Trainee: 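Here's a structure for you.
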Amino acid sequence: QVQLVESGGGLVQAGGSLRLSCAASGRTLSSYAVAWFRQAPGKERDFVARISWSGSRTYYADSVKGRFTISRDYAKNTVYLQMNSLKPEDTAVYYCAARPGSYSPGSYQRTYEYDYWGQGTQVTVSS
């Protein structure tokens, strides 16, 4: 199995930037697709971004497209979420999740499609 730990959350002002990290241990993350989800108070856990196991493809929710960037560093066994131009509505607990990579087509933007989850990191954007 793989263990995931998020870090980098905090309090930022609107328009600011923050970089979240998802560090893996237990197994190499190189063969896993990794996604970021977020959950605001009273809301469902929503898809934010995903990167394929090969790192060649990325996908973003419309609400963050153009502002957030997902990337991965295989040497550090870590996936990042660079968040720019943050808005108050980005406030949420952010989770990273992993699933075994495959060659099968699919968007994989639902929580039940992921096997491993981190504990979450709080991101608060003030106005």
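The structure displayed is predicted, hence computed values, not measured ones.
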Trainee: Checking ring-ring contact (aromatic ring centres under 6.0 Å, His included) against Phe37, which of Tyr94, Trp117, Tyr112 comes through?
Mentor: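 Going through the options one by one, the only one that passes is Trp117.
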Trainee: Do you know which two heavy atoms are closest between Ala24 and Val2, and how far apart they sit?
Mentor: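 Shortest heavy-atom separation between Ala24 and Val2 comes out as CB-CG2, 3.8 Å.
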Trainee: Between atom OG1 of Thr91 and atom NZ of Lys43, what is the distance when rounded to the nearest 0.5 Å?
Mentor: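 Result: 12.5 Å between the selected atoms.
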Trainee: Output all residues satisfying salt bridge (charged side-chain N to carboxylate O under 4.0 Å, His left out) with Arg19, sequence neighbours left out; order by chain, then residue number.
Mentor: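 Partners of Arg19 by the salt bridge (charged side-chain N to carboxylate O under 4.0 Å, His left out) criterion come out as none, since no residue qualifies.
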Trainee: State the CZ-SG distance between Arg72 and Cys22, to the nearest 0.5 angstrom.
Mentor: 9.5 Å
Trainee: Is any side-chain heavy atom of Leu4 less than 4.5 Å from a side-chain heavy atom of Leu29?
Mentor: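 In contact.
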Trainee: Can you name the nearest heavy-atom pair linking Ser17 to Ser85, along with the distance?
Mentor: OG-N, 4.3 Å
Trainee: Any sub-3.5 Å donor-acceptor pair from Asn77's side-chain atoms to Arg27's backbone N or O?
Mentor: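 Yes.
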Trainee: With sequence neighbours left out, which residue pairs that include part of residues 86-104 fulfil the salt bridge (charged side-chain N to carboxylate O under 4.0 Å, His left out) condition?
Mentor: Arg38-Asp90, Arg67-Asp90
Trainee: Please say yes or no: joined through hydrophobic side-chain contacts below 4.5 Å, possibly via intermediate residues, are Leu81 and Leu18 part of one cluster?
Mentor: yes
Trainee: Should Val79 and Tyr95 be regarded as members of a common hydrophobic cluster, given that ILVMFWY residues are connected when their side-chain heavy atoms come within less than 4.5 Å of each other, either directly or indirectly?
Mentor: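 Different hydrophobic clusters.
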Trainee: According to ring pair (Phe, Tyr, Trp, His ring centres under 6.0 Å), does anything in residues 50-77 pair up with another residue at least two apart or in another chain? List the pairs.
Mentor: Trp53-Tyr103
Trainee: Over all heavy atoms of both residues, which pair between Gln109 and Glu113 is shortest? Give the atoms and the distance, please.
Mentor: N-OE1, 3.0 Å
Trainee: Locate the shortest heavy-atom distance separating Ser21 from Thr78; write the atom from each residue and the value.
Mentor: CB-CG2, 4.2 Å
Trainee: Report yes if some heavy atom in the side chain of Glu6 is under 4.5 Å from a heavy atom in the side chain of Leu20; otherwise report no.
Mentor: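 They are not in contact (no side-chain heavy atoms under 4.5 Å apart), so the answer is no.
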Trainee: To check you understand the geometry: which heavy-atom pair defines the closest contact between Ala33 and Tyr114, and what is its length?
Mentor: O-CE2, 4.4 Å
Trainee: Considering non-hydrogen atoms only, spot the tightest contact between Arg50 and Tyr108 and give its length.
Mentor: CD-O, 3.5 Å
Trainee: Verify the cluster assignment for Tyr80 and Val93: are they in a single hydrophobic cluster under the rule of side-chain heavy atoms below 4.5 Å apart?
Mentor: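 Different clusters.
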Trainee: Any chance you could measure Ser25, atom OG, to Gln1, atom CD, to the nearest 0.5 Å?
Mentor: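 With rounding to 0.5 Å, OG (Ser25) is 9.0 Å from CD (Gln1).
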Trainee: Rounded to the nearest 0.5 Å, what's the gap from SG on Cys96 to CD1 on Ile70? Could you check?
Mentor: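 The CD1 atom of Ile70 is 9.0 Å from SG of Cys96, to the nearest 0.5 Å.
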Trainee: Which distance, rounded to the nearest 0.5 Å, do you find between the CE of Met83 and the OG1 of Thr69?
Mentor: 11.0 Å
